[in-house]
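Below is one structure, written out as structure tokens; the observations come after it.
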Amino acid sequence: MIARLAFLLCTLLLAGCGRPSPVGHYETQGSEKQFKMTLDLRDDGRGVLSVTANLGRPELNQSVVTKMALPSATWSQENTEIVLSGTSTDQKKQIHRFTLQENRDLIWKENGARFYRSR
């Protein structure tokens with residue numbers, strides 16, 4: 001009985017160690033001059049979603065950044081899903097979900113944006 005329990009605990013420990021950590025810095029790619037998002041997932045469970053916009057009108061840029069950026073958020077992992085929650089700059093609670101790909105990139109479930117792991 002004790003041997004089975006020890007084997008089960010070792011198996012669970014090794015299975016947990018085999019999963020790559022999502023901790024790191026991620027960036028969108030494409031039209032960086034007009035719009036870019038970065039996501040930092042820290043090992044202490046904190047995260048930051050930053051947005052840079054240059055859409056031609058300063059008030060539109062500010063509006064996009066204010067509604068989308070999460071300067072102080074928390075994240076958790078549920079299987080292959082990363083859940084980021086926090087309060088945007090305009091004080092609205094937000095929850096965003098990302099699918100962790102095998103290559104460790106993230107896909108934003110709400111809009112399909114791909115965040116490439118850069119470090």
Side-chain angles (χ1 to χ4, degrees):
M1 179 68 179
I2 293 176
R4 285 185 184 175
L5 183 58
F7 176 75
L8 180 61
L9 289 174
C10 287
T11 302
L12 290 173
L13 179 66
L14 290 174
C17 293
R19 183 175 14 166
S21 171
V23 170
H25 180 81
Y26 300 82
E27 299 177 356
T28 57
Q29 294 178 351
S31 58
E32 288 90 1
K33 291 179 181 177
Q34 291 182 320
F35 187 78
K36 183 172 184 164
M37 294 182 288
T38 61
L39 177 61
D40 284 298
L41 300 179
R42 300 179 183 143
D43 59 4
D44 62 359
R46 292 182 299 141
V48 175
L49 176 64
S50 301
V51 178
T52 304
N54 185 14
L55 303 172
R57 294 192 342 242
E59 65 278 357
L60 179 59
N61 297 339
Q62 185 59 42
S63 176
V64 168
V65 170
T66 300
K67 289 180 182 178
M68 293 186 71
L70 295 177
S72 179
T74 58
W75 69 272
S76 62
Q77 184 173 359
E78 300 169 0
N79 296 318
T80 60
E81 185 174 88
I82 304 298
V83 179
L84 182 73
S85 59
T87 304
S88 61
T89 310
D90 65 354
Q91 302 304 308
K92 294 190 178 163
K93 291 239 179 234
Q94 296 187 28
I95 297 175
H96 301 302
R97 297 179 184 280
F98 302 85
T99 302
L100 180 61
Q101 303 292 291
E102 285 185 28
N103 65 0
R104 298 173 67 187
D105 289 346
L106 296 173
I107 304 295
W108 194 343
K109 292 181 88 171
E110 287 92 8
N111 63 21
R114 179 178 287 272
F115 286 76
Y116 297 89
R117 186 180 177 112
S118 62
R119 58 176 185 235

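Taking 4.0 Å as the cut-off between side-chain N and carboxylate O, Arg46 and Asp44 count as a salt-bridged pair.
Considering CG of Leu100 and CG of Leu106, their distance stands at 5.5 Å, rounded to 0.5 Å.
Taking Asp43 as the reference, Val23 meet the side-chain contact (heavy atoms from CB on, under 4.5 Å) condition, with sequence neighbours excluded. Taking the side-chain contact (heavy atoms from CB on, under 4.5 Å) definition, one finds that Ser50 meets it with Thr38, Val48, sequence neighbours left out. Take Gln29 and apply the side-chain contact (heavy atoms from CB on, under 4.5 Å) test, not counting sequence neighbours, and it matches Glu32, Tyr116. Not counting sequence neighbours, the partners of Asn103 by the side chain to side chain donor-acceptor pair (under 3.5 Å) test are Asp105.
Listed by first and then second residue, the ring pair (Phe, Tyr, Trp, His ring centres under 6.0 Å) pairs that reach into residues 54-100 are His96-Trp108, Phe98-Trp108, Phe98-Phe115, sequence neighbours excluded. Every pair passing salt bridge (charged side-chain N to carboxylate O under 4.0 Å, His left out) that includes a residue from residues 58-74 is listed here, sequence neighbours excluded: Arg57-Glu59.
With contacts defined as side-chain heavy-atom distances shorter than 4.5 Å, the pair Val51/Val64 qualifies.
Counting non-hydrogen atoms of other residues, nucleotides and ligands closer than 6.0 Å to CD of Glu110 gives a total above 12.
Using a distance-only test at 3.5 Å, with no hydrogens or angles considered, a donor-acceptor pair links the side chain of Gln77 to the main chain of Asn79. A donor-acceptor pair is defined here as one N or O able to donate and one able to accept, closer than 3.5 Å; such a pair exists between the side chain of Arg104 and the backbone of Ser21.
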